[in-house]
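One structure is given here, and the rest of the page talks about it.
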Amino acid sequence: MMYYNPKIPVKSICLCLVLGMLAPAMAQQASKKKPVKHYSAYLFAYFTGAGKDAESIRFAISNDGYNYKALNNNMPVINSAQISTTGGVRDPHILRGTDGKTFYMVATDLHVVKDGWGPNQAMVLLKSKDLVNWNSHIVNIAERFPGLSDVSKVWAPQTIFDSQKKKYMIYWSMSFGKGPIKIYYAYANPDFTGLETTPKQLFFSPDSTTCLDADIIFKDGKYHLFMKATGKTPGIKEAVSDKLTEGYVLSDKRLEQTDEEVEGSGVFKLNNSDTWILMYDLFKKGKYQFTESKDLENFKVIDNEISMNFHPRHGTVIPITAKEAQVLTNKWPSSDERATHNPVLKGYYADPDILYAEKTGKFYIYPTSDGFDNWSGTYFKTFSSKDLTDWKDEGVILDLGKDVSWAKKNAWAPCIIERKINGKYKYFYYFTAAQKIGVAVADDPTGPFVDSGKPLIDKYPEGVTRGQQIDPDVFSDPKTGKNYLYWGNGYMAAAELNDDMVSLKPGTTKILTPAASYNEGSYVIYRNGIYYFMWSENDTRSEDYQVHYGMSDSPQGKINLPENNLVIAKDKTAGIYGTGHHAIIQIPGKDEWYIVYHRFKYPEGITMGSAAGYNREVCIDKLEFNNDGTIKQVTPTHEGVKAINKARQ
């Protein structure tokens, strides 16, 4: 029974009654709301270039949006011949539907190796409920729309949901005859098997020049259209509108953080973050660059935080759940876990030195940070491992811009040594910067390293008039306990280090250049009474960059060359080129040796011309000796070496 209270208005009583009656229904409706998915991983859809199977859709997984691992051994996850008219698909774009469980993917129907750059007139539409099984349909623009029969290019399609029309809109790059490429759009039919509206131009370039590779992001009530613009100031640019299909106003600001030509930009938001990633394809270099932003206007390069065990071309990234990631991994496992170990570091690195640290019982690789045009890197990193196969990125240990006062460019070719001084371990790190050699010191193999404040070597040794002061190598003579530094480009110099390890002993410098073909990258080891001197010949941009050696009875003695003194060289049958600038590691207490070296990135490096010389990757293979002490020539491999158990746990 309800009692009337005159102090409560009748309208309020009625409202309470209505709400009371509706409450159970509202509660029931709320209970039927779909749970919010928790995205904790990322799916990268991409292709890898031109060539056999390269123009196919591939998938990679990441847990953090920065470090990606290819699925299915970086092989296609969908057969291009079965879904396209040309036998090849490129530029895949993937989108999660508004229902949270349907996925849409579109791609360019194009096989460049077979047909060149067109004309091509079709795109491929794909739909899936589980990211594994995909239904596909081909949309040929010329056939579907007779009024557009002279279409010559249909490139880089993408999909977005139009919240006003409640339909999925596909937009792409299209041209007619030899005219400029423009960005068009049309709406997909409900089952995503074709287009139900005639294509219309979406973006109008102020100077009517070519625009392509559009990517639309909705943020703060506005649509941000990223694209590759041409004209007077070509590059990745952004146009913004309040509406999805019209009114885009172009900003002339270039967003890419490189002077290289770029295309295929893709933007995605990091999970549980206000950070956006803008990535794009440096197509002439065969590599990607990643940048980040909070406002979609100002971007900074984060390449040193990115790793991929594959080399993508024009792709896209979406967030996925842990369960979805597991489904994908189960469907397309990769033998990278770990039948194939080379390269051992994820990303572009070169000129490796390697150390076994007694203090920690771990191995450490100290490389040049590579992937920068014309060797323009400015920082050094180190990587640690217990077994020579699984390597942990320990981060930047020396940054020229922050840590070095006398040089700000060309951070190259470091080396390191562990010394126990007064009962404490010290690490002396010799490095190249601005074609000079410096030294920094730390108490741990991962730093922090403190620079000495001045270059250790900044001029030619007496009698030398050409080359560069680069590529240091430090060696401790087990017979005498003396320490030596070797360096040079075009010449090999050697000098004894003082006990402080940060200065050279006056009057001890000698020129040891072993052969006219010597170039750089000296390295010295001692085994069974023999001092082995090794070095690299030819230019690092050459596929014939390779390691040679000589033998001596002294750390500064005459170097004798065996009849066959080749240590490692390219293997064309395996697609391995540019093998050089190495280091050697002995497993403590054993006559077991390994060579750590760099090569052109695989497989694209050989197609990159001179740029391959600064897009390199680090590998490890076994080094063996003949009974007479000569070195067996090493065959470079993709398999690398098996895990060793020497390092302390």
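Just so it is clear, the values below take in all heavy atoms, side chains as well, and ignore hydrogens, waters and symmetry mates. Residue numbers count from 1 along this sequence.
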Open item on the list: Asp373 vs Tyr614, test: side chain to side chain donor-acceptor pair (under 3.5 Å). Steps then yes/no.
Closed with: CA-CA 7 Å; Asp373 295 345; Tyr614 39 83; 4.7 Å; no
- [ ] Test side chain to side chain donor-acceptor pair (under 3.5 Å) on Glu394 and Ser384 and set out the steps.
- [x] CA-CA 7 Å; Glu394 298 285 358; Ser384 66; 2.6 Å; yes
TODO: Kindly determine whether Glu292 and Lys300 satisfy salt bridge (charged side-chain N to carboxylate O under 4.0 Å, His left out), including the steps that lead there.
DONE: CA-CA 6 Å; Glu292 69 177 17; Lys300 68 174 183 179; 3.7 Å; yes
TODO: Under the side chain to side chain donor-acceptor pair (under 3.5 Å) rule, what do His314 and Asp91 come out as? Steps first, then yes or no, please.
DONE: CA-CA 5 Å; His314 194 156; Asp91 321 316; 3.3 Å; yes
Task: Steps toward ring pair (Phe, Tyr, Trp, His ring centres under 6.0 Å) verdict (Trp276, Phe268) - done: CA-CA 6 Å; Trp276 294 82; Phe268 66 95; 8.9 Å; no
Task: side chain to side chain donor-acceptor pair (under 3.5 Å) between Glu617 and Tyr602, intermediate numbers included - done: CA-CA 8 Å; Glu617 52 194 21; Tyr602 176 84; over 6 Å; no
- [ ] Step by step, work out the side-chain contact (heavy atoms from CB on, under 4.5 Å) result for Val327 and Trp332.
- [x] CA-CA 9 Å; Val327 168; Trp332 292 297; over 6 Å; no
Open item on the list: Run the side-chain contact (heavy atoms from CB on, under 4.5 Å) test on Tyr288 and Phe44 for me, step by step, so that the C-alpha distance in whole Å, both residues' side-chain angles and the decisive distance to 0.1 Å come before the verdict.
Closed with: CA-CA 13 Å; Tyr288 250 68; Phe44 191 166; 4.2 Å; yes
TODO: For Ile217 and Leu225, run side-chain contact (heavy atoms from CB on, under 4.5 Å): C-alpha distance rounded to whole Å, both residues' side-chain angles, the deciding distance at 0.1 Å, then the answer.
DONE: CA-CA 6 Å; Ile217 301 298; Leu225 190 156; over 6 Å; no
- [ ] Test His311 against Tyr348 for ring pair (Phe, Tyr, Trp, His ring centres under 6.0 Å), laying out the working first.
- [x] CA-CA 11 Å; His311 303 290; Tyr348 304 125; 5.7 Å; yes
TODO: Please step through salt bridge (charged side-chain N to carboxylate O under 4.0 Å, His left out) for the pair Asp213 and Lys228, ending with a clear verdict.
DONE: CA-CA 6 Å; Asp213 295 353; Lys228 177 183 178 178; over 6 Å; no
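For Ser205 and Asp207, the side-chain atoms include at least one donor-acceptor pair closer than 3.5 Å. Judged by distance alone, the side chains of Asp99 and Thr102 do bring a donor and an acceptor atom under 3.5 Å apart. In this structure, a donor-acceptor pair under 3.5 Å is absent between the side chains of Thr378 and Asp399. One side chain, Asn298 or Lys253, offers a donor N or O that lies under 3.5 Å from an acceptor on the other. Side chains of Asn67 and Ser62: no donor on one and acceptor on the other come within 3.5 Å. The closest side-chain donor-acceptor pair between Thr446 and Asp444, if any, does not fall under 3.5 angstrom. Side chains of Ser80 and Ser56: a donor-acceptor N/O pair is present below 3.5 angstrom, by distance only. Side-chain atoms of Asn73 and Ser334 include a donor-acceptor pair closer than 3.5 Å.
A salt bridge is absent between Lys237 and Glu256; no separation between the charged side-chain nitrogens and carboxylate oxygens falls under 4.0 Å. Note on Asp370 versus Arg616: salt bridge recorded, some NZ/NE/NH1/NH2 to OD/OE distance being below 4.0 Å. Of the charged side-chain nitrogens involved, at least one lies within less than 4.0 Å of a carboxylate oxygen, so that Glu196 and Lys167 count as a salt-bridged pair. Salt bridge Glu263/Arg313: present, at least one basic N to carboxylate O contact under 4.0 Å.
Counting non-hydrogen atoms of neighbouring residues, nucleotides and ligands closer than 6.0 angstrom, the NZ atom of Lys294 exceeds 12 such neighbours. Lys331 NZ: 12 or fewer foreign heavy atoms inside a 6.0 Å radius. Summarising the local packing, NZ of Lys323 is surrounded by 12 or fewer heavy atoms from other residues, nucleotides or ligands at distances under 6.0 Å. Heavy-atom contacts from other residues, nucleotides or ligands closer than 6.0 Å to CG of Asp191 number more than 12. Within 6.0 Å of atom NZ in Lys219, more than 12 heavy atoms from other residues, nucleotides or ligands are found, so the atom counts as buried in its surroundings. Counting non-hydrogen atoms of neighbouring residues, nucleotides and ligands closer than 6.0 angstrom, the NZ atom of Lys408 exceeds 12 such neighbours.
The aromatic ring centres of Tyr46 and Phe310 sit less than 6.0 Å apart. Taking the six-membered ring wherever Trp is involved, the centroid distance between the rings of Tyr171 and Phe203 does not fall below 6.0 Å. Ring to ring, Phe290 and Tyr66 are not that close: their centroids are 6.0 angstrom or more apart.
Of the listed residues (Tyr185, Tyr168, Tyr187), just one forms a side chain to side chain donor-acceptor pair (under 3.5 Å) with Asp162, and that residue is Tyr187. Checked options Phe449, Trp406, Trp412; the residue passing with Phe431 is Trp406 (criterion: ring pair (Phe, Tyr, Trp, His ring centres under 6.0 Å)).
Scanning all heavy atoms of the two residues, the minimum distance from Leu131 to Glu324 falls at CD1-CB, 4.2 Å.
Between Tyr366 and Tyr429, the angle of the ring planes lies from 30° to 60°, which puts this pair in the tilted group.
A donor-acceptor pair under 3.5 Å links the side-chain atoms of Ser385 to the main chain of Asp390, judged by distance alone. Using a distance-only test at 3.5 Å, with no hydrogens or angles considered, a donor-acceptor pair links the side chain of Asp387 to the main chain of Thr389.
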